Amino acid sequence: MKPILQVKQLAKRYGDRYGCRDVNFELYEGEVLCIVGESGSGKSTLLATLAGRLAADEGEVTFRDANGDWHELSTLAEAERRRLARTEWGFVTQHARDGLRMGVSAGANVSERLMALGHRHYGQLRATAAEWLEKVEIGAERLDDPPSRFSGGMQQRLQIARNLVTRPRLVFMDEPTGGLDVSVQARFLDLLRRLVHESGVAVIMVTHDLGVARLLAHRTLVMQQGRVVEAGLTDQILDDPQHPYTQLLVSSIVQA
Amino acid sequence: MKHSTSCKPQTGLHREGGRAATGPYSPYGEEAHSDADKASNWRYNFGYLDENTKRMLRRGLLKAVAIPGYQVPFGSREMPLPYGWGTGGIQLTASLIGRQDVLKVIDQGADDTTNAVNIRRFFGRVCGVDTTEKSADATLIQTRHRIPETPLKAGQIVVFQVPEPEPLRLLEASEVETRKLHAHQEYGLMHVKLYEDIARFGHIATSYDYPVRVNGRYLASPSPIPKFDNPKLHQSPALLLFGAGREKRLYAIPPYTDVDSLAFDDHPFEIQAWDTSCALCGSHDSYLDEIVTDDAGSRMFVCSDTDYCTSRREDAR
Ligand SMILES: Nc1ncnc2c1ncn2[C@@H]1O[C@H](COP(=O)(O)OP(=O)(O)O)[C@@H](O)[C@H]1O
Ligand SMILES: [Mg+2]
Ligand SMILES: [Zn+2]
């Protein structure tokens with residue numbers, strides 16, 4: 001397997017403070033990586049920098065596209081970055097209103113990225129959207145309802161459909177379960193795990209909950225105060241945490 | 001029918017050599033007219049706007065012509081009428097109009113509505129140019145809501161009054177974001193709107209201000225003309241200029257430019273059609289308005305373009 005993302009000495013500053021720093025890792029095709037850490041540890045900053053939504057101040061992020069060409073984000077033209085974001089990436093946000101168009105139907109939400117790629121057959125768009133609403137267990141009969149009438153769990157599942165419909169190779173997710181009840185969370189994670197497995201998409205997911213990482217992630221990065229304090233296979237981290245902060249996190253989910 | 005205005009300067013005196021935007025611009029042009037101006041008691045600079053403002057607008061228009069469909073910002077001036085009454089169009093007209101121009105003003109297809117009459121009278125007063133209701137006789141046509149049925153000709157300029165220049169605005173409130181979408185030609189969002197139309201009404205229900213792609217590049221609003229008029233934008237021999245006063249944007253469709261109306265493969269663009277013809281002139285292919293003819297609520301369909309309808313009836317006589 002080949003890496004699709006290489007991250008070297010990455011740092012993002014806010015003024016003279018670091019949001020995240022000294023981040024190094026590689027992500028492989030179809031791999032699920034969780035970034036875990038408490039609030040304020042720099043997870044969202046790192047994720048946004050990886051996705052090119054924030055410009056890195058130090059280091060580099062290199063992405064390999066479907067043709068096998070490598071792109072270093074800091075030297076990439078804005079137009080090219082946006083093209084990658086449209087064609088090869090997805091982004092799922094914690095708050096559905098940031099990731100969905102609340103004023104238009106679920107069908108239009110799912111179809112938008114396809115239309116952005118040039119799909120112009122209404123009947124096919126609608127059929128594809130219906131298929132995806134079934135896949136994410138919303139149901140095709142809700143095709144014409146706006147997401148404002150959906151529950152929080154359904155909204156997050158709609159975000160997943162809206163992103164996966166164009167078959168991206170890498171999806172970034174920032175605390176997608178953050179606003180969900182525990183019972184709803186379990187169903188969402190279950191569905192997500194199945195869809196990710198079926199589609200072979202690589203995922204980088206931010207969560208403050210090591211339990212989420214345990215369910216989904218092949219590998220996990222643990223962050224504290226902007227730095228990665230521990231990285232490795234999720235199972236290894238859970239079985240044998242090395243860093244005191246990770247040990248604290250692990251003991252808290254073991255108790256839960 | 002020609003309206004001649006009372007304050008028209010005597011012909012032969014210091015006439016301007018053609019339209020300012022297309023002819024050579026003389027910085028002393030207006031001073032040179034001062035005698036004539038005094039003689040005819042002009043209260044304003046020719047065309048109401050001062051020369052610097054006109055120059056600024058013409059520069060904007062040149063840029064707009066060079067980049068078809070691109071919205072050029074401009075420093076909109078206070079005009080003696082409120083936004084929503086065509087201040088954008090009036091400023092463009094004021095910056096373009098020359099003494100030899102013949103002006104026509106249309107509002108909803110008619111020359112005799114309050115708005116059209118006021119704008120025509122305004123330019124009569126501040127320029128003393130000839131005005132007309134005949135599309136074919138006009139060199140400059142300012143319009144709101146319609147394009148004349150009489151085919152436009154090379155050399156004519158049409159100025160459209162635009163309330164909202166940004167076709168993506170309804171879906172994307174942020175100006176910063178819509179600018180990016182234009183810059184990167186990310187127009188999938190416009191199809192979201194059309195998708196919603198079909199999902200809700202079974203067809204593309206947008207019938208006015210129907211979005212177009214200009215020269216295969218910029219997405220643009222054709223202004224609130226009926227989609228019936230959209231095909232007239234495509235490869236038009238006339239220069240088409242658009243002015244939005246409140247939003248301070250102008251844009252252009254130069255002559256003989258491709259203009260495509262957005263659509264889906266399985267829901268192609270279609271113009272309005274009526275199963276009746278004009279009750280007055282019998283036209284089968286003009287845009288029809290339904291009007292109430294008496295207190296009993298009788299109705300009939302007549303051409304919205306009053307000049308076109310009148311001319312056809314005159315010709316038939
Ligand atoms: N736009 C910003 N400007 C200044 N500081 C910020 C900004 N965004 C985040 N920070 C700071 O950077 C640190 C990391 O924040 P963030 O990446 O949001 O953490 P997390 O997602 O792990 O909660 C925090 O100290 C936060 O206050
Ligand atoms: Mg965060
Ligand atoms: Zn008629």
Side-chain angles (χ1 to χ4, degrees), chain A residues 52-53 76-91 97-130 132-133 140-149 158 162-163 165-166 168, chain B residues 67 69-70 164 166-207 209-213 216-219 227 230 258-270:
Chain A
R53 293 184 164 202
L76 204 59
E78 166 82 355
E80 194 56 10
R81 188 191 69 74
R82 289 179 76 109
R83 188 187 65 77
L84 286 181
R86 241 186 357 257
T87 57
E88 304 242 353
W89 302 343
F91 203 108
R97 62 171 179 276
D98 298 329
L100 294 175
R101 289 194 190 280
M102 301 305 273
V104 303
S105 67
N109 268 282
V110 177
S111 301
E112 181 172 352
R113 274 169 66 103
L114 289 169
M115 293 191 278
L117 297 185
H119 291 246
R120 292 290 179 266
H121 193 284
Y122 175 81
Q124 281 165 14
L125 287 164
R126 201 168 164 78
T128 306
W132 272 94
L133 289 191
E141 69 280 4
R142 305 299 300 268
L143 204 54
D144 294 331
D145 291 347
S148 53
R149 281 202 229 134
L158 182 60
R162 173 177 158 89
N163 277 279
V165 67
T166 53
Chain B
I67 317 172
Y70 174 76
E164 174 52 79
E166 179 49 71
L168 297 165
R169 183 61 68 230
L170 260 177
L171 295 142
E172 179 53 68
S174 154
E175 173 70 17
V176 175
E177 188 56 25
T178 51
R179 300 223 117 205
K180 274 192 197 153
L181 297 178
H182 282 293
H184 300 298
Q185 298 190 55
E186 289 175 12
Y187 293 142
L189 195 51
M190 201 70 244
H191 274 87
V192 169
K193 162 86 171 69
L194 302 182
Y195 174 102
E196 282 296 273
D197 263 15
I198 304 174
R200 238 184 280 168
F201 307 106
H203 62 277
I204 299 178
T206 304
S207 56
D209 209 348
Y210 191 106
V212 295
R213 193 84 182 258
R217 175 60 181 86
Y218 282 97
L219 180 72
K227 64 179 180 177
N230 274 24
D258 285 342
V259 178
D260 298 312
S261 303
L262 303 193
F264 286 101
D265 297 342
D266 49 343
H267 287 264
F269 174 76
E270 278 169 1

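Since the structure is predicted, the reported quantities are computational estimates derived from the model, not experimental observations. Below, read A as the first sequence line, B as the second, and so on, with proteins coming before strands; counting in each chain starts at 1.
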Participant: Which residues, numbered in order, of residues 196-203 of chain B come under 4.5 angstrom of chain A by heavy-atom distance?
Facilitator: Glu196(B), Ile198(B), Ala199(B)

Participant: What are the two closest non-hydrogen atoms of Tyr195(B) and Ala108(A), and how far apart are they?
Facilitator: CE2-N, 3.4 Å

Participant: Are Glu78(A) and Lys180(B) close enough that some pair of their side-chain heavy atoms sits under 4.5 Å apart?
Facilitator: yes

Participant: Answer with side chain, backbone, both or neither: which region of His191(B) has an atom nearer than 4.5 Å to a non-hydrogen atom of chain A?
Facilitator: both

Participant: Identify which part of Ala263(B) has an atom lying under 4.5 Å from any heavy atom of chain A, answering side chain, backbone, both or neither.
Facilitator: backbone

Participant: Do you know the tightest heavy-atom contact between Tyr122(A) and Asp266(B)?
Facilitator: N-OD1, 2.7 Å

Participant: Pair Glu172(B), Arg101(A) - check side-chain contact (heavy atoms from CB on, under 4.5 Å), show working.
Facilitator: CA-CA 10 Å; Glu172(B) 179 53 68; Arg101(A) 289 194 190 280; 4.2 Å; yes

Participant: Starting at NZ of Lys193(B), measure out to CE of Met115(A) and round the result to the nearest 0.5 Å.
Facilitator: 12.0 Å

Participant: Determine whether Arg82(A) and Leu181(B) satisfy the following criterion, side-chain contact (heavy atoms from CB on, under 4.5 Å), listing intermediate values before the conclusion.
Facilitator: CA-CA 10 Å; Arg82(A) 289 179 76 109; Leu181(B) 297 178; 3.6 Å; yes

Participant: Could you give the distance from NE2 (His121(A)) to CG (Asp265(B)), rounded to the nearest 0.5 Å?
Facilitator: 6.5 Å

Participant: Knowing that exactly one of Arg86(A), Arg113(A), Arg83(A) qualifies, which makes a salt bridge (Lys or Arg N to Asp or Glu O under 4.0 Å) with Glu186(B)?
Facilitator: Arg86(A)

Participant: Within this structure, what is the CD-CG distance for the pair Glu112(A) and Leu171(B), rounded to the nearest 0.5 Å?
Facilitator: 8.5 Å

Participant: For Ser105(A), is it the side chain, the backbone, both, or neither that has a heavy atom closer than 4.5 Å to a heavy atom of chain B?
Facilitator: both

